[in-house]
Amino acid sequence: MTDTTDTTETNPAALPKAYRPGDVENAIAERWLAADVFAPDGAGSRADAGAEPFTIIQPPPNITGSLHLGHAQRAAVEDLMTRHARMTGKAALFLPGLDHASIAAQFVLDGILAKEGLSRQSLGRDAYLERMQEFVAATRAVILGQERRLGASLDWGRLRYTMDDGSAKAVRAAFKILHDRDLAYRTEALVNWCPGCRTSVSDLEVVSTPETGTIWSIRYHLIDEATGQPLTGQANTITVATTRPETVLGDTAVAVHPDDARYRALVGRHVRIPFVERDVPILADDVVDAAFGTGAVKITPAHDHDDHVTGLRHGLAMPTILDDAAAVANTGTKYDGLDRYAVRTAILADLAILGDLAGEKPHEMVLGRCQRSDDVVEPRLKTQWFIRTAPLAAKALAATRERRTRIVPEQFEKTWEHWLTNIRDWNVSRQLWWGHRIPAWYCPDGHVNVSAEEAGPSACDACGRPAAELRQDPDIFDTWFSSGLWPFSTLGWPDDTADFRRFHPTSVMETGYDIIFFWVARMMMLGIELTGVEPFHTITLSGLIRDPLGQKMSKTKGNVVDPLAVMEEAGADALRFSLIHGASAGQDQRFGPQKLELARNFANKLWNAARFVLGARPDEVGPDAPRVAPDDADLGPAERWIRSRAAATAQAVDRGLAEYQFGEVTRALYEGIWSEFCDWGIELAKVRLADDGASPTERSATWWTLVDALDRYLRLLHPVMPFVTEAIWAALPRRAGDPDLLIVAAWPDADGRDPALDTKIGQVIETIVAIRNARAQADLPAGAWLETHLLAPGDAFDTFEAIASAIARLARARPLTLHRAASGLPRPAGALEIVLPAGDIEATVLPPATSEDTAGRDRARLEKELVEAEGHLEAARARVANPSFTDRAPPAVVEGARTRAAELAEQVARLRERLGRPG
RNA sequence: GGGCGAUUGGCUCAGUGGUUAGAGCACGCGGUUCACAUCCGCGGGGUCACUGGUUCGAAUCCAGUAUCGCCCACCA
């Protein structure tokens, strides 16, 4: 390790003056890699073989592109949990991975090929797959580089890919098991066909889009039962309504409701379907809504879900009239070969010529479109593989209902329940090339062989025909099938590996709520069925990142933010902080430059605070002095306060982490580090550090207190902002037993050993703020040192006296005189009068020269304070005078209200007195 | 048609029964003292969407309404 941070170790004060995130982050990234600290069993790991495992499951990014802010958020949150677990001594495993993204990848590659004048079909399967391998080899490097840059502490040695050999083996094994248990079956069914992607897609990949279409009325002519010929004239027709006239060619029946008097006489008769000249029956079926349209429905069993069911019920023929490209085919009409929409237009025109187009009107309808290509999906009859989901879903539901797996936030449990309760079987066959081939082989006699062996079966199980005569299913699996095995396939399943035994079931699965069904539910269903145990204990679902206007980020909208550019500008730490800070469980968040700026400024603030602390080392502490815990006796009230506030922050951070409320974690840290440690802790400490009157041990104690607090804040912040904390920590003196790197240092405890909050410092702060306020309101020069008198009665006096010089400095009060009794407080005419709400504390500030102006402003301020205080007092008195409150509220609350009423009364009395109207 | 979520200062958001509802940004005033102008100090700004209920007490719990957003859903 020969990077720049090493030099700062021997010379703590040498943190560079300017905070440059890029430099810091590059240097630190190298140190982590060199130290091998990311792997739970790496050389630099603190966890031994007996350490409690903590495994986090991240959604492997699609290999097709580069990462966007949503990925960055995923990684930031997951890495936060990983780093925290690591610091608490667990064997933390954050496993990196990539998803081959079958359909998405093909969609992208097809687009690239189209620009070259090529196509999937023109290349052929082998050449196409070769091309795909080249493509993903390039994108792979980009994605992994982005994750590294972000500081994700992924165990790179365990990098996995859904198309690697391990995944392939898991896919085969999983399918074999499911088939053996009758949970995977092959059948002819109506599937969702995307003509653009030339494949079937699952129900989840069909997006319902409302559109205003047209509903046409078409007359079908009744057949003369005697002659077998169609009758002419409108009286001898039945009118059906349809939004898809082209499907006329596939009609095999007309249905009416059995109770519909209008059509009762027609049931059992036949009509002739035009163009195909097919005679089909009119039948009665309950599914028909007599009130809708004409009350008569054309039935196209091969191209409509309802009609398919109706067709099965009545044993109707199911002619398929669309080919893979959704062109009309096999109808024996002149329409064959034409696109479905061209046929629609032609048929409407031809029906009009025949005089059988009875009408048309606009119609609000819902069209299913392909999630990937946006093509209108066609229902089509296909023989494909399905996963029987009901039994799997039942087990997944049982796992969440019995709390073996917890969903955070809970609101998603309802969605989860609803979907898994109403789940339909999962069509896993895809007529694509990029993915795992379905391990099913068919023999000429129709026997189906499913094999987990890479080479397939050696002979047909049923009839013994040799392998050479068997034909493997040309289809591949839905990409989510392999993703669904991710938590355990990455750990070695189906083999009983050491990793699988140690890290499965996993601890936390984190992802965006948008893939709860696609991915999370499938992992649960498959995981429980295949491994016998739910694959994770906790599911945490995050919201989505939106642009500043609240719109979803998408490439087509052009509002996608590249995380690399953001990190270039503000640093990975700032990006991570802003993504986590803005998040609230399960809620979407808008991301804009302001949030990033907040985070960047915070990192800069921390950097400078650290520079101060390092540079403030008193001479009596040598540059290489071993870290010592300051003697409690040498601590002043400010030091005790600093320590207690750091402990309070640790508690708040622990609470936030335990509840997966990561936004609370960053809020606690921001507040604790900036508003408490920097604004008051350091400012109060400065005085004693520079005070020649303080003893060397006192000065040392103050400095070590700052170092301790800073050390604690750095540990607490490390999971959120790993780089800057690591860099600063490297410059701090180590405690005995500390490792070289913060990433493997111990998480700070937040137990009760730290002194409770010193409320007297709270009063000191309030006093300083009140004096500053009065001076600013009176428009006195901010920098002027003004004679100030402070009344601090009772036990507050000692505290005030102990840090009087700090008060003087922070309130620009010089000379500052403390008084124990009100009688001692001088109140010359024109002095600013300050009355604190509690503790009987008062102050007077003597301006250099009183003026009408100054006196008037001060009086106006007091008047305003009086009005406010009187208002509060009235409310407080009404409260404590209410017997139902005093009887029913908890005693502590009642006591607090009484104290408050008394304090307000006191404040009001004093303010009145200052204003010259006592009573 | 079901379900879920949101509605808090100009903007972005915290805050799930207990004193006087907070933060950052923006805004106004003032600051070049040796950590930081990516900063420091002070200030203005909110009937917590609406209505009703529960409660000693409601931004917070319940019911309803409105607006916005999301998810699920095979009526031609």
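Each chain gets a letter, A, B and so on, in the order its sequence line appears, and its residues count up from 1.
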Let me know the distance between [atom1] of [X] and [atom2] of [N], rounded to the nearest Å.
{"X": "A:I682", "N": "B:C40", "atom1": "CD1", "atom2": "P", "answer": "11 Å"}
{"X": "A:E410", "N": "B:C4", "atom1": "CD", "atom2": "C1'", "answer": "14 Å"}
{"X": "A:Q594", "N": "B:G24", "atom1": "CD", "atom2": "P", "answer": "13 Å"}
{"X": "A:H303", "N": "B:C75", "atom1": "NE2", "atom2": "C1'", "answer": "19 Å"}
{"X": "A:E413", "N": "B:C4", "atom1": "CD", "atom2": "C1'", "answer": "13 Å"}
{"X": "A:F517", "N": "B:C72", "atom1": "CZ", "atom2": "P", "answer": "6 Å"}

Item to check | Side chain of A:R772 - closest among B:A73, B:C42, B:G44 | outcome: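 So the side chain of A:R772 is nearest to B:C42.
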
Checklist entry - Which listed nucleotide (B:G43, B:A6, B:C36) is nearest to the side chain of A:Q587? => result B:A6

Checklist entry - Taking N and O atoms by type only, does the side chain of A:R900 place a donor or acceptor under 3.5 Å from a partner on the base of B:U20? => result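 Looking at the base of B:U20, it does pair with a donor or acceptor on the side chain of A:R900 (distance under 3.5 Å).
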
Checklist entry - Does the B:C36 base have a donor-acceptor partner in the side chain of A:N604 within less than 3.5 Å? => result no

Checklist entry - What's the shortest heavy-atom distance between A:P847 and A:L832, and which atoms? => result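 For A:P847 and A:L832, the tightest heavy-atom pair comes out as CD-N, 4.4 Å.
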
Checklist entry - Hey, does the side chain of A:R600 come within less than 4.0 Å of B:U38's phosphate (OP1/OP2), counting only N and O? => result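 So the side chain of A:R600 is outside the cut-off, no N or O lying under 4.0 Å from OP1 or OP2 of B:U38.
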
Checklist entry - With distance as the sole criterion, is a donor-acceptor pair present between the side chains of A:E360 and A:T214 under 3.5 Å? => result no

Next on the checklist: Counting the atoms with a prime plus P, OP1 and OP2 as sugar-phosphate, which does A:P890 contact under 4.0 Å by heavy atoms, base, sugar-phosphate, or nothing?
Outcome noted: base

